[in-house]
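As structure tokens, the structure follows; a few thoughts come after it.
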Amino acid sequence: QVELVESGGGLVQPGGSLRLSCAASGNMFSIYPMAWYRQAPGKQRELVAAISAGGTTNYADSVKGRFTISRDNAKNTVYLQMNSLKPEDTAVYYCNERLFNSWGQGTQVTVSS
């Protein structure tokens, strides 16, 4: 069990940017595959982006070219840089550690004018 704490969510206008952070507990962060998921009201939770322990990334087609996942192992933190935001990006965003299937509490992202 890994404790994950997300931060950085908020209200942003369409076309704007937001950077989410996920801080992890423990001393094994560098080996954890990490991911960001999101869930909009009435919809299933979906994978947004993932990053391997080695830094390999992959993205949902809907966010490719707009979002960037990265990690800083020295800070036990994974980031999601979100650019060119659209109203359909509105959701609760969750950090996920994939080795033990740990989840953060989620952070709300609202894209609206």
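Numbering starts at 1 and runs along the sequence shown.
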Review point. Is the NZ or CZ atom of R71 positioned over F29's six-membered ring, under 6.0 angstrom from the centre and within 45° of the axis?
Key: yes

Could you report the tightest heavy-atom contact between [X] and [Y], atom names first, then the distance?
{"X": "T77", "Y": "S21", "answer": "CG2-CB, 4.3 Å"}
{"X": "L4", "Y": "S102", "answer": "CD1-O, 3.5 Å"}
{"X": "M82", "Y": "V109", "answer": "CE-CG1, 4.1 Å"}
{"X": "N76", "Y": "G26", "answer": "ND2-O, 2.8 Å"}
{"X": "V111", "Y": "D89", "answer": "CG2-CB, 4.2 Å"}
{"X": "S17", "Y": "N83", "answer": "OG-OD1, 2.9 Å"}

What's the spacing between [X] [atom1] and [Y] [atom2] if we round to 0.5 Å?
{"X": "N73", "Y": "M34", "atom1": "CG", "atom2": "CE", "result": "10.0 Å"}
{"X": "K64", "Y": "N58", "atom1": "NZ", "atom2": "CG", "result": "8.0 Å"}
{"X": "Y93", "Y": "L80", "atom1": "OH", "atom2": "CG", "result": "7.5 Å"}
{"X": "L11", "Y": "S113", "atom1": "CG", "atom2": "OG", "result": "9.5 Å"}
{"X": "T57", "Y": "F67", "atom1": "OG1", "atom2": "CZ", "result": "14.0 Å"}

Practice item. Tell me whether Y37 is reachable from V63 by hopping between hydrophobic residues (I, L, V, M, F, W, Y) whose side-chain heavy atoms are closer than 4.5 Å. Key: no

Check your understanding: Does V2 belong to the same Ile/Leu/Val/Met/Phe/Trp/Tyr cluster as Y79, with side-chain heavy atoms less than 4.5 Å apart forming each link?
Key -> no

**Study point:** E88 atom CD, neighbour heavy-atom count above 12 within 6.0 Å
**Key:**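 Counting other residues, nucleotides and ligands, CD of E88 exceeds 12 neighbours.
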
Practice item. Verify the neighbour count for atom CD of Q39: are there more than 12 heavy atoms of other residues, nucleotides or ligands below 6.0 Å? Key: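 Yes, CD of Q39 has more than 12 neighbouring heavy atoms, counting only those of other groups under 6.0 Å.
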
Could you tell me whether the side chain of [X] and the main chain of [Y] form a donor-acceptor pair under 3.5 Å?
{"X": "E97", "Y": "L99", "answer": "yes"}
{"X": "E6", "Y": "C95", "answer": "yes"}
{"X": "Y32", "Y": "F100", "answer": "no"}
{"X": "R98", "Y": "P33", "answer": "no"}
{"X": "D72", "Y": "V78", "answer": "no"}
{"X": "N96", "Y": "A35", "answer": "no"}

Practice item. If the plane angle is over 60° it's perpendicular, under 30° parallel, otherwise tilted; pick one for Y94 and W103. Key: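 If you compare the ring of Y94 with that of W103, the planes turn out perpendicular.
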
Check your understanding: Under a 4.5 Å cut-off applied to non-hydrogen side-chain atoms, are T90 and Q108 in contact?
Key ->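 The answer is yes, as the side chains (C-beta and beyond) meet within the 4.5 Å cut-off.
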
**Study point:** Single hit among I69, L47, V48 for side chain to side chain contact (heavy atoms under 4.5 Å, CB included) with Y59
**Key:**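 Answer after filtering I69, L47, V48: I69.
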
